[in-house]
Amino acid sequence: MKIIIGKIDRADFPDLHLSNIDLKVDTGAYTSSIHCHQIEECQVGNERHLKFKLLDPSHPDYNEKEFTVKNYKKKRVKNSFGKSEIRFVIETIIILFDKEFLIELSLSERSEMRYPILIGRKLLNGKFIVDTSKRNISFKLKQKNQQ
């Protein structure tokens, strides 16, 4: 059975130690993305890693927090203007509706982005139905379950 999700919600990313991060569901986007900057590859010992800083002004605990991951890839992604570009992509876990889902996040440096996470069709397909009149359905369920 598919889960109804609204156009705006909050999610947890346990591998990144992030909780209650604002997100926007974007059915026009295929891939999901995370808003960050200072994205660079670096050498840690004998391995290549990817380093980046999260941009989320609404969440002072996470704004400018630096992350380093070793599992990543480069992928061709169409941006919101339809132009193809190469972006770094990480794979991680997202928790919505008290369930874990594997998600690919392209690292996007977009200063005009209002929400730090955009959820695209690749995650939504087969799992969710989007009701654009709803907000924070998953987050409200989490709050209710924590009481």
Side-chain angles (χ1 to χ4, degrees), residues 1-41 49-147:
M1 178 176 255
K2 294 180 184 175
I3 302 166
I4 295 174
I5 189 168
K7 72 175 185 175
I8 307 295
D9 217 320
R10 292 183 183 179
D12 298 337
F13 295 85
D15 295 343
L16 299 174
H17 308 287
L18 299 172
S19 58
N20 302 328
I21 296 294
D22 291 327
L23 63 85
K24 180 179 178 184
V25 174
D26 184 355
T27 58
Y30 178 67
T31 55
S32 300
S33 64
I34 186 168
H35 180 35
C36 54
H37 69 134
Q38 295 182 2
I39 306 162
E40 59 185 43
E41 288 181 289
H49 285 66
L50 188 65
K51 190 165 53 170
F52 58 94
K53 288 186 178 182
L54 181 67
L55 284 172
D56 184 2
S58 69
H59 217 311
D61 291 345
Y62 304 129
N63 196 34
E64 295 293 331
K65 183 175 180 181
E66 188 171 275
F67 298 91
T68 303
V69 296
K70 72 176 184 177
N71 295 322
Y72 67 95
K73 59 187 172 185
K74 291 181 184 178
K75 196 172 188 181
R76 185 168 297 279
V77 175
K78 281 189 182 174
N79 66 19
S80 56
F81 304 108
K83 186 178 177 189
S84 187
E85 59 188 26
I86 300 292
R87 286 192 194 164
F88 290 106
V89 176
I90 62 171
E91 196 172 76
T92 192
I93 299 292
I94 183 173
I95 298 176
L96 287 164
F97 299 93
D98 290 331
K99 295 181 181 178
E100 290 187 357
F101 300 95
L102 193 59
I103 186 172
E104 279 190 351
L105 294 171
S106 72
L107 305 187
S108 175
E109 195 168 342
R110 291 175 44 195
S111 58
E112 76 279 1
M113 189 179 278
R114 185 169 171 199
Y115 296 91
I117 306 285
L118 287 181
I119 301 296
R121 295 186 314 271
K122 188 171 181 182
L123 177 72
L124 299 170
N125 283 341
K127 299 176 203 73
F128 298 95
I129 295 172
V130 181
D131 182 341
T132 58
S133 70
K134 305 285 185 192
R135 296 174 73 98
N136 296 318
I137 302 171
S138 175
F139 182 64
K140 289 174 186 172
L141 174 68
K142 177 183 173 183
Q143 288 180 312
K144 181 182 173 186
N145 290 342
Q146 289 177 343
Q147 292 177 350

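Just so you know, these numbers use all the heavy atoms, side chains as well, and skip hydrogens, waters and symmetry mates.
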- request: Report the distance from atom CD of Glu40 to atom CG of Leu107, rounding to the nearest 0.5 Å.
  value: 12.0 Å

Nearest atoms (heavy-atom pairs only) where Ser19 meets Asp12: CA-OD1, 3.1 Å

message: More than 12 heavy atoms of other residues, nucleotides or ligands under 6.0 Å from CD1 of Ile3: yes or no?
response: yes

task: Kindly indicate whether the side chain of Ile5, heavy atoms from C-beta on, has any atom under 4.5 Å from the side chain of Ile137.
output: no

query: How close do Gly6 and Val25 get, heavy atom to heavy atom, and via which atoms?
result: O-CG2, 3.2 Å

query: Are Phe128 and Phe101 close enough that their ring centers fall under 6.0 Å?
result: yes

- prompt: Just wondering, do Val77 and Tyr30 contact through their side chains at under 4.5 Å, heavy atoms?
  reply: no

task: Would you check, one step at a time, whether the test side-chain contact (heavy atoms from CB on, under 4.5 Å) holds for Leu50 with Thr68?
output: CA-CA 6 Å; Leu50 188 65; Thr68 303; over 6 Å; no

message: Just so I know, are the side chains of Ile34 and Phe13 near enough to count as touching, which here means a heavy-atom distance under 4.5 Å?
response: no

message: Are the side chains of Pro116 and Asp22 in contact, using a 4.5 Å heavy-atom criterion?
response: yes

message: How long is the straight-line distance from NZ of Lys51 back to CD of Glu66, given to the nearest 0.5 Å?
response: 5.0 Å

Gln143 and Asn136, any side-chain heavy atoms less than 4.5 Å apart: no

message: Holding to salt bridge (charged side-chain N to carboxylate O under 4.0 Å, His left out), I want the full list of residues that pass it with Lys127, two or more places apart in sequence or in another chain.
response: none

task: Find the distance between OG (Ser33) and CG (Asp26) and round it off to the nearest 0.5 Å.
output: 8.0 Å

message: Apply side-chain contact (heavy atoms from CB on, under 4.5 Å) to residues Thr31 and Val89 and explain how you reach the verdict.
response: CA-CA 10 Å; Thr31 55; Val89 176; over 6 Å; no

task: Check whether any side-chain heavy atom of Ile90 lies under 4.5 Å from a side-chain heavy atom of Asp15, and answer yes or no.
output: no

statement: Rounding to 0.5 Å, atoms CG (Leu16) and CD1 (Ile21) come to a distance of 9.0 Å

- request: Might you confirm whether atom NZ of Lys53 has over 12 heavy atoms from other residues, nucleotides or ligands at distances under 6.0 Å?
  value: yes

Spatial distance of atom CD1 (Ile95) from atom CG (Asn20) [nearest 0.5 Å]: 10.5 Å

message: Test of understanding: with side-chain hydrogen bond (donor to acceptor under 3.5 Å, both in side chains), list the residues that count as partners of Tyr72, not counting sequence neighbours.
response: Glu41

Heavy-atom check, side chain of Leu18 versus side chain of Phe67, under 4.5 Å: yes

- prompt: Cys36 and Leu54: which non-hydrogen atoms are nearest, and at how many Å?
  reply: CB-CA, 4.0 Å

message: Minimum heavy-atom separation for Phe97 and Ile4, please, with both atom names.
response: CZ-O, 3.2 Å

- prompt: Does a side-chain heavy-atom distance below 4.5 Å link Lys142 with Arg10?
  reply: no

message: Which residues pass the side-chain hydrogen bond (donor to acceptor under 3.5 Å, both in side chains) test with Ser106, not counting sequence neighbours?
response: Arg87

- request: Of all the heavy-atom pairs spanning Phe139 and Asp9, show the shortest one and how long it is.
  value: N-OD1, 3.0 Å

task: Measure the spacing between NZ of Lys134 and NZ of Lys140 and express it to the nearest 0.5 Å.
output: 8.5 Å

